[in-house]
Amino acid sequence: MSPSAVASVNKTDMASNLTEAGVKHTIKDTAPSIAVNGHSTGLQELDASKITFTPNENPKAVPEANSPEVTKMSSCTDHMITATWTSKTGWTAPSLIPYGPLALQPHASVLHYSTSCFEGMKFYRGHDLKIRLFRPSLNTVRMLNSSARISLPAFPPAELQKLIETLVAVEGEKWLPKSRPGSFMYLRPTMIGTAPTLSVNKPNEVLLYIIACCFPDFNDPAATLGAHANANNNESPNGNSETKPRPGLKLLASKEDTIRAWPGGFGFAKVGANYGPSLLASDEAHLRGFNQILWLFGPDSEITEAGASNFFLVWKTREGRTQLVTAPLGDGIILAGVTRRSVLELARERIGGEELEVVERKICMWELEEAVNEGRLMEAFAAGTAYFIMPISLIHYRGTDLHIPFADDNYGSKLKQWLMDIMYGAESHEWGVVVQERSLIPSDLDE
Ligand SMILES: *Cc1c(COP(=O)(O)O)cnc(C)c1O
């Protein structure tokens, strides 16, 4: 390549190519079955069919919905699934074992160098009493991409999905009882570098685990919106009374000295390193009465995400067209949410046309301010597994409160209802994956 060709490579392309090359390299080196160009390592592949079962002899009581244990997200189920990997052997047989503490050396890689990635998903007890996952293959593929970004080993996403389904199948009956249709629990597949060495290298020992936790329903008025939250009161964070109470998140825009993600970084990956450093800003937001940070990027204050959810707005253009808009994925600074993708797909398939243009494009704060001031903003919402679809009622940006409208017939609620119908089986749809439940009775232990 000539020097001029190098110089002409756009910075963003270069960053994503570097990341892409790294991801391919890691997958090739750690996962025989998904090796590129038939390259084989002789390592054991992750194999869900080899799982062993050890029942918990001291099972816990299931907490009441919206009890403190649930709202604090501190209560996990009786079991977890683990599998270890070493650079010499590959993956060991997975085990389903009693939930409990992990043994880690104080100099384990993850504790110093943030070699951790995870997924956030839910399983749902349908109104037809079946248990479903929502588009789980998108989570497992995303976890593969996240693990590669931090040099953790690859695995066939379908095997991870089988392990997730196994935990759900075992815990479902007790923890998401048929007496509670319309409820859900949260799943947290996690991978960490456990190698006991302070050398700053990719870990040669790794632990994969899957836990299931009680999780509050943020869309249920009886649940609080996190410890400090006040999303449903009618006081603005500055103490001015609004005329009528309105549901929705109150967001504090991030300041220029606090950036969540940048091109060439890792904002697109669900890696632990993205979250610890964000807590300073979100804690300030909570103390000031806001629910979340609205993460901005760059000199034009581009809106990227709302907390750990993707950001959407609906506005009328000056030409009078109605658009649903969210930030594009291209720069690698946006986490590609499963909810984001589902909202975009449903909006395009079921609304779209003349009624609603669906647009992925950069949104700058000045554009949002203009839309608010000219009365063109119709609604804004956050979309993600944890908060699901939550309307946004206020954005505080550089000393000003921007009040976000909320109409009863808003698009956010419509999309949310369609998604819920799929999650809870009111609509039969390929995105809702039914899990066959099983009990851990002794006959299962022979498998
Ligand atoms: C997990 C996450 C989301 C939402 O993704 P879903 O797959 O919809 O749950 C959005 N932004 C960030 C930063 C996240 O960590």
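Start at 1 and go down the list; that is how both ligands and their atoms are numbered. Since we're looking at a predicted model, the values are computed, not measured.
- Distances below 4.0 Å separate heavy atoms of Arg142 from the following atoms of ligand 1: 5 (O), 6 (P), 7 (O).
- Ligand-side atoms of ligand 1 in range of Thr385: 6 (P), 7 (O), 8 (O), 9 (O), range being under 4.0 angstrom from any heavy atom.
- Proximity to Glu305 (heavy-atom distance under 4.0 Å) selects the following atoms of ligand 1: 10 (C), 11 (N), 12 (C), 13 (C).
- For the residue pair Asn56/His79, the side-chain donor-acceptor check at 3.5 Å is not satisfied.
- Under 4.0 Å from ligand 1, not a single heavy atom of Ala386 appears.
- With hydrogens and angles left out, the side-chain atoms of Asp421 and Gln417 include a donor and acceptor closer than 3.5 Å.
- A donor-acceptor pair shorter than 3.5 Å can be found between the side chains of Lys316 and Thr322.
- Of all the atoms in ligand 1, the ones that sit under 4.0 Å from a non-hydrogen atom of Asn310 are 10 (C).
- Counting atoms of ligand 1 from 1 in the listed order, those under 4.0 Å from a heavy atom of Thr339 are 6 (P), 8 (O).
- Among all non-hydrogen protein atoms, the one lying nearest atom 1 (C) of ligand 1 is Lys270 NZ, 1.4 Å.
- Residue Met191 forms a side chain to side chain contact (heavy atoms under 4.5 Å, CB included) with just one option from Phe118, Trp85, Phe155, and that option is Phe155.
- Using a 4.0 Å cutoff on heavy atoms, Arg260 counts as a contact of ligand 1.
- Under a 4.0 angstrom heavy-atom cut-off, Met121 registers as lying outside contact with ligand 1.
- A donor and an acceptor atom, one from each side chain of Thr385 and Tyr186, are nowhere located under 3.5 Å apart.
- Between Arg340 and ligand 1, not a single N/O pair is under 3.5 Å apart.
- Annotation: Val338 places an N or O atom under 3.5 Å from an N or O atom of ligand 1; distance criterion only.
- For ligand 1 and Tyr275, the ligand atoms under 4.0 Å from any heavy atom of the residue are 13 (C), 14 (C), 15 (O).
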message = Under the criterion side-chain hydrogen bond (donor to acceptor under 3.5 Å, both in side chains), I'd like the reasoning laid out for Glu427 against Trp418: C-alpha separation, chi angles, the key distance, then a yes or no.
response = CA-CA 8 Å; Glu427 179 189 342; Trp418 283 333; over 6 Å; no
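- In this model, no donor atom of one side chain and acceptor atom of the other lie less than 3.5 Å apart for Glu171 and Tyr99.
- The closest side-chain donor-acceptor pair between Ser342 and Arg135 falls under 3.5 angstrom.
- Taking every non-hydrogen atom of Gly337 and a distance limit under 4.0 Å, the qualifying atoms of ligand 1 come out as 5 (O), 6 (P), 7 (O), 8 (O).
- The existence of a salt bridge linking Glu360 and Arg348 is confirmed by a sub-4.0 Å separation between a basic side-chain nitrogen and an acidic carboxylate oxygen.
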